[in-house]
Amino acid sequence: MKSRADKEPDQKKLAALVREILLELGEDPDREGLRKTPARVAKAMTYLTRGYRQSVKTVVNNAYFTSGTNHMVILKNIELYSLCEHHMLPFYGSCAIGYISTGKVLGVSKLARIMDMYARRFQIQERLTEQIADAVMKETGAEGVGVVIRAKHLCMMMRGVEKQNSEMVTSAVLGTFRSDERARAEFLSLVK
């Protein structure tokens with residue numbers, strides 16, 4: 001995928017495309033309630049996909065700290081919002097990220113920022129979970145990393161099978177969390 005980190009989307013072009021969609025769907029984009037909608041949608045989509053214009057390096061911003069321990073570090077109940085790449089509809093839920101440090105820890109907000117960076121792209125939940133785990137592993141040099149995401153998908157709730165109470169759960173475990181059953185069990189029990 002080409003990086004567009006240095007280029008913001010063209011708001012006028014996006015708004016014109018949204019206007020065309022409204023026309024094609026049988027709406028009048030000049031009526032009072034819709035006059036500013038194309039510009040609003042263009043601005044919203046730019047915000048909701050800002051992860052394409054970010055990198056792990058800029059998100060982490062060298063917020064590494066020395067830690068003398070190698071205990072488990074967990075941040076859970078991180079609110080997650082993303083867009084399904086198949087229907088461009090939202091999915092939302094929570095994320096838990098844990099790792100066993102090897103003397104280097106990240107500033108706690110950076111875990112949430114890494115998650116947001118990947119979530120603010122068109123996604124499937126499975127890939128999102130893996131991307132977060134891979135980035136945390138690379139940035140921390142951890143013994144092990146675990147990520148669990150629980151999310152509801154509007155593409156399943158509003159259309160298609162219309163299952164309102166369905167929740168998708170994905171996990172990715174790397175390093176010690178994959179090879180050591182006790183470490184994995186401890187992580188999974190703590191993020192419940």
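The residues of the chain are indexed from 1 along the displayed sequence.
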For this session: May I ask whether Phe187 and Ile97 are part of the same hydrophobic cluster, defined by side-chain heavy atoms of I, L, V, M, F, W, Y residues being less than 4.5 angstrom apart, directly or through others?
Result: no
Exercise. Any side-chain heavy-atom pair from Leu83 and Leu48 closer than 4.5 angstrom?
Worked result: yes
Problem set entry | Pro38 versus Ala15, closest heavy-atom pair with distance | CB-O, 3.2 Å
For this session: Please report the C-alpha distance between Val60 and Ile114 in whole Å, then the side-chain angles of each, then the deciding distance to 0.1 Å, and finally whether the side chain to side chain contact (heavy atoms under 4.5 Å, CB included) criterion is met.
Result: CA-CA 7 Å; Val60 170; Ile114 288 170; 3.9 Å; yes
Problem set entry | Main-chain N/O of Phe122 paired with Tyr52 side-chain donor or acceptor, under 3.5 Å | yes
For this session: Identify the two heavy atoms, one from Leu23 and one from Pro29, that lie closest to each other, and give their separation to 0.1 Å.
Result: CD2-CD, 3.5 Å
Exercise. CZ of Arg159 to CD of Glu162: how many Å apart, nearest 0.5 Å?
Worked result: 9.0 Å
Problem set entry | Ser179 side chain to Thr176 side chain, donor-acceptor N/O pair below 3.5 angstrom | no
Problem set entry | Between Tyr99 and Glu143, a side-chain donor and acceptor under 3.5 Å | no
For this session: Establish whether Ile132 and Ile74 are linked, either directly or via other cluster members, by ILVMFWY side-chain heavy-atom contacts under 4.5 Å.
Result: no
Exercise. With no hydrogens and no angle check, is any side-chain donor or acceptor of Ser101 less than 3.5 Å from a backbone partner on Lys104?
Worked result: no
Exercise. What heavy-atom pair brings Phe91 and Ile124 nearest, and what distance separates the two atoms?
Worked result: CZ-C, 4.4 Å
Exercise. Which heavy-atom pair separates Arg182 from Asp180 by the least distance, and what is that distance?
Worked result: N-OD1, 2.9 Å
Exercise. Under 6.0 Å from the CD atom of Glu24, do we count more than 12 heavy atoms belonging to anything else shown?
Worked result: no
Exercise. Atom CD1 of Ile149 and atom SG of Cys95: how far apart are they, to the nearest 0.5 Å?
Worked result: 4.5 Å
Exercise. Under a 4.0 Å N-O cut-off, is there an ion pair linking Glu85 with Arg127?
Worked result: yes
Problem set entry | Atom pair CE/OG1 of Met117 and Thr58 - distance to nearest 0.5 Å | 7.5 Å
Exercise. Can you find a heavy atom in the side chain of Pro9 that is under 4.5 Å from one in the side chain of Arg53?
Worked result: yes
Problem set entry | Validation row: Leu128, Val147 side chains within 4.5 angstrom (heavy atoms) | no
For this session: Verify, without hydrogens or angle tests, whether Arg121 (side chain) and Gly51 (backbone) share a donor-acceptor contact under 3.5 angstrom.
Result: yes
For this session: Examine distances only and state if a side-chain atom of Arg113 and a backbone atom of Val59 form a donor-acceptor pair shorter than 3.5 Å.
Result: no
Problem set entry | Test item: Thr140 side-chain N/O and Val136 main-chain N/O as donor-acceptor pair under 3.5 Å | yes
Exercise. Side chains of Gln125 and His153: is there a donor and an acceptor less than 3.5 Å apart?
Worked result: yes
For this session: Give a yes or no answer on whether the side chain of Ser94 reaches the backbone of Asn77 with a donor-acceptor pair at less than 3.5 Å.
Result: no
For this session: Find the distance between NZ (Lys110) and CZ (Phe65) and round it off to the nearest 0.5 Å.
Result: 8.0 Å
Seminar exercise, completed: On a heavy-atom basis, the closest approach of Ala112 and Leu75 is N-CD2, 4.2 Å
Seminar exercise, completed: All heavy atoms of Arg150 vs all of Val191, minimum pair found to be NH1-O, 4.1 Å
Exercise. Are side-chain N/O atoms of Thr46 and Gln11 paired as donor and acceptor at under 3.5 Å?
Worked result: yes
Exercise. Does NZ or CZ of Arg50 fall inside the cone over Tyr47's six-membered ring, less than 6.0 Å from its centre and within 45° of the axis?
Worked result: yes
Exercise. Transitively linked via ILVMFWY side-chain contacts under 4.5 Å: Val73 with Phe177?
Worked result: no
Exercise. Do any N or O atoms from the side chain of Lys76 and from the backbone of Leu190 form a donor-acceptor pair under 3.5 angstrom?
Worked result: yes
For this session: Kindly indicate whether the side chain of Glu79, heavy atoms from C-beta on, has any atom under 4.5 Å from the side chain of Tyr81.
Result: yes
Exercise. Ion pair present between Asp30 and Arg19, side-chain N to carboxylate O less than 4.0 angstrom?
Worked result: yes
For this session: Please lay out, stage by stage, how Met158 and His87 fare under the test side chain to side chain contact (heavy atoms under 4.5 Å, CB included).
Result: CA-CA 11 Å; Met158 292 178 67; His87 304 97; over 6 Å; no
Problem set entry | Joint hydrophobic cluster, Leu106 plus Ile78, side-chain heavy atoms closer than 4.5 Å | yes
Problem set entry | Rounded distance (nearest 0.5 Å) linking atom OG1 of Thr129 with atom CG of Leu80 | 8.5 Å
Exercise. Roughly how far, to the nearest 0.5 Å, is CD of Glu126 from OG of Ser171?
Worked result: 11.0 Å
For this session: Ignoring hydrogens and angles, tell me if any N or O in the side chain of Thr102 forms a donor-acceptor pair with the backbone of Gly141 under 3.5 Å.
Result: yes
For this session: Before giving the answer on side chain to side chain contact (heavy atoms under 4.5 Å, CB included), spell out for Lys43 and Val41 the whole-Å C-alpha distance, their side-chain angles and the decisive distance to 0.1 Å.
Result: CA-CA 5 Å; Lys43 187 176 179 180; Val41 172; over 6 Å; no
Exercise. If you group Ile, Leu, Val, Met, Phe, Trp and Tyr by side-chain heavy-atom gaps below 4.5 Å, do Leu154 and Met156 land in one group?
Worked result: no
Problem set entry | Stepwise side chain to side chain contact (heavy atoms under 4.5 Å, CB included) test for Glu139 and Val56 | CA-CA 8 Å; Glu139 291 303 309; Val56 174; 3.5 Å; yes
